[in-house]
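So the structure is just underneath, and the comments pick up after that.
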2 protein chains.
Amino acid sequence: MKMHNFKYEGSGLNRFFGPLEAKIMEILWTTTAALTIKEVQAKLDQDKVMNFNTVMTVMNRLVDKGILQKNSVARSFMYKPVVTRDVFMETQSKELTFDLIEEFGSLAVTHMVDALDKVDPDLLDKLELKIKELKKDR
Amino acid sequence: MKMHNFKYEGSGLNRFFGPLEAKIMEILWTTTAALTIKEVQAKLDQDKVMNFNTVMTVMNRLVDKGILQKNSVARSFMYKPVVTRDVFMETQSKELTFDLIEEFGSLAVTHMVDALDKVDPDLLDKLELKIKELKKDR
DNA sequence: CACCCCCTACTACAATTTGTAGTGTAAGGA
DNA sequence: TCCTTACACTACAAATTGTAGTAGGGGGTG
């Protein structure tokens with residue numbers, strides 16, 4: 001279930017998935033219960049109904065990639081994500097942050113401060129606190 | 001010259017380019033002067049010589065993407081990166097750090113501390129300093 | 001002057017990823 | 001028994017990247 005890319009474009013799940021994949025994951029992560037293909041197809045519907053086979057193909061590819069799991073129930077399959085959205089985000093954040101620092105080192109440090117300040121200055125305080133905490137424990 | 005992906009796999013330029021592209025950029029960024037295709041081809045040579053046309057195709061695609069520029073000199077073209085490696089890295093670092101924080105917010109903050117601590121604890125001090133500096137200026 | 005060589009341009013094909021969709025098949029209900 | 005339904009299998013298009021063949025033009029050489 002290893003991701004391969006973090007896309008510069010888009011936002012949210014679109015950073016990790018193709019557009020249709022992202023919509024499907026959005027639906028599955030928004031719903032608590034597992035869903036059938038038909039249910040996902042129904043929830044997808046915006047302007048035009050997606051072809052059933054299209055939805056099925058994409059969902060089964062997500063199963064192949066280890067992102068979804070399917071369970072046979074009666075005559076259909078029920079699909080649901082292998083991990084929760086929170087766990088997914090947590091994993092990606094950890095992986096990417098680590099890679100970023102590994103790759104850019106002190107360059108990234110500079111940009112972090114700028115970015116935090118711009119996106120949400122409160123996070124700067126939070127970061128400062130975290131650093132202090134870590135240092136205290138030694 | 002917008003990049004599209006940051007790859008989880010690989011390291012250095014391989015995070016941004018295909019394997020051959022990365023080798024070519026590595027060569028062009030390592031050499032101060034602009035180079036001809038033939039020169040790049042010669043420097044590429046490890047075990048087997050790359051086909052001249054292959055090198056040319058990839059280099060011209062990099063030109064199309066705005067990553068390389070070519071200048072007609074005598075009967076050949078000289079290729080060189082549009083921006084220095086430092087500028088490239090700077091840009092990517094800024095963009096990615098920003099996106100990361102935008103996407104993950106406080107989640108990323110936590111992971112930053114962990115990652116910095118693991119990769120290079122000195123960077124934690126540097127980060128702390130940077131935060132203090134920024135706050136002082138207000 | 002004719003010809004050849006070198007370098008470039010153009011074209012093409014394979015593998016991978018993602019979206020899209022048709023056809024075939026099996027199983028259960030009417 | 002036959003039809004509906006859901007799934008499996010197959011296929012194709014566009015984009016990306018690596019790979020390479022063929023064609024063409026321009027200048028040097030015999």
Side-chain angles (χ1 to χ4, degrees), chain A residues 1-10 13-27 34-42 44-79, chain B residues 1-10 13-27 34-42 44-79:
Chain A
M1 129 91 158
K2 196 84 181 59
M3 293 292 103
H4 292 107
N5 283 310
F6 178 72
K7 300 183 171 67
Y8 283 57
E9 309 248 312
L13 298 180
N14 284 293
R15 301 250 194 205
F16 307 100
F17 300 99
L20 179 53
E21 289 177 328
K23 281 184 207 151
I24 289 173
M25 291 310 294
E26 186 70 48
I27 289 167
L35 298 176
T36 62
I37 297 169
K38 234 182 169 56
E39 285 164 339
V40 171
Q41 181 194 24
L44 266 175
D45 175 36
Q46 280 120 326
D47 22 299
K48 69 177 79 170
V49 181
M50 293 294 300
N51 177 287
F52 176 89
N53 283 327
T54 300
V55 181
M56 181 170 62
T57 300
V58 172
M59 285 176 69
N60 281 326
R61 283 179 186 157
L62 289 169
V63 171
D64 293 340
K65 294 182 198 167
I67 293 162
L68 295 183
Q69 58 188 123
K70 63 179 185 181
N71 295 296
S72 180
V73 173
R75 267 184 297 148
S76 325
F77 284 101
M78 306 290 284
Y79 293 73
Chain B
M1 127 94 157
K2 197 85 180 57
M3 292 292 104
H4 292 107
N5 283 311
F6 179 71
K7 301 183 172 68
Y8 283 58
E9 308 249 312
L13 298 179
N14 284 293
R15 301 255 196 199
F16 306 100
F17 300 99
L20 180 53
E21 289 177 330
K23 281 183 206 151
I24 289 173
M25 291 311 294
E26 185 71 47
I27 288 167
L35 297 177
T36 61
I37 296 168
K38 234 185 169 52
E39 286 165 338
V40 171
Q41 180 193 26
L44 266 175
D45 176 33
Q46 280 120 324
D47 21 299
K48 68 177 77 168
V49 182
M50 292 294 300
N51 178 287
F52 177 89
N53 283 328
T54 298
V55 181
M56 182 173 60
T57 301
V58 172
M59 285 175 70
N60 281 327
R61 284 179 186 158
L62 288 170
V63 172
D64 294 341
K65 294 183 200 167
I67 293 161
L68 295 183
Q69 59 189 123
K70 63 179 185 183
N71 295 297
S72 180
V73 172
R75 268 183 295 148
S76 329
F77 285 102
M78 306 291 284
Y79 293 74

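Only this structure's heavy atoms are used, side chains among them; waters, hydrogens and symmetry mates stay out.
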- Query: Does the side chain of A:K65 get closer than 4.0 angstrom to OP1 or OP2 of C:dT17 through an N or O atom?
  - Reply: no
- Estimated bend of the helix from C:dC1-D:dG30 to C:dA30-D:dT1 (axis per five terminal pairs, rounded to 10 degrees): 40°
Below 3.5 Å is the cut-off: list the nitrogen or oxygen pairs between protein and nucleotides 6-8 of chain C, distance only.
from  : atom 1 : to    : atom 2 : distance (Å)
C:dC7 : OP2    : B:K38 : NZ     : 3.4
C:dT8 : OP1    : B:F77 : N      : 3.0

- Atom CG of B:N51 and atom P of C:dT11 are separated, to the nearest Å, by 18 Å
- Looking only at non-hydrogen atoms, find the nearest pair between B:I67 and B:M1 and report the distance. CG1-SD, 3.8 Å
- Message: Among residues at least two apart in sequence or on other chains, which ones pass side-chain contact (heavy atoms from CB on, under 4.5 Å) with B:K2?
- Response: A:Y8, A:E9, B:E95
- Contact interval (first through last nucleotide) of DNA chain D with protein chain A, 4.0 Å heavy-atom: D:dA6 to D:dA11
- Residues two or more places apart in sequence or in another chain: which of them pass ring-ring contact (aromatic ring centres under 6.0 Å, His included) with B:Y79? none
- How about B:I37 and B:F77: do any of their side-chain heavy atoms sit closer than 4.5 Å? no
- Query: In chain order, what residues pass the salt bridge (Lys or Arg N to Asp or Glu O under 4.0 Å) check against B:E26, with sequence neighbours excluded?
  - Reply: B:R85
- Message: For a 4.5 angstrom cut-off between non-hydrogen side-chain atoms, does A:L68 reach A:M25?
- Response: yes
- Query: Of the non-hydrogen atoms in A:V40 and A:I27, which two are nearest, and what is the gap between them?
  - Reply: O-CD1, 3.9 Å
- For A:H4 and A:V58, take the nucleotide of DNA chain C holding the closest heavy atom to each; which residue's nucleotide lies nearer the 5' end? A:H4
- May I have the distance from A:R61 (atom CZ) to C:dA21 (atom C1'), rounded to whole angstrom? 11 Å
- Item | Pairing residues for A:K70 by the side chain to side chain donor-acceptor pair (under 3.5 Å) criterion, not counting sequence neighbours | A:N60
- side-chain contact (heavy atoms from CB on, under 4.5 Å) partners for B:T36, two or more places apart: B:K38, B:E39, B:S76, B:M78
- Between B:E21 (CD) and C:dT16 (P), how many Å, whole number? 17 Å
- Phosphate contact (C:dG19 OP1 or OP2) by A:T54 side-chain N/O below 4.0 Å: no
- Message: Going by the rule salt bridge (Lys or Arg N to Asp or Glu O under 4.0 Å), which residues pair with B:E21 if we only count those two or more places apart in sequence or in a different chain?
- Response: B:K65
- Message: Applying ring-ring contact (aromatic ring centres under 6.0 Å, His included), can you list everything that pairs with B:F16, at least two apart in sequence or on another chain?
- Response: B:F6, B:F88
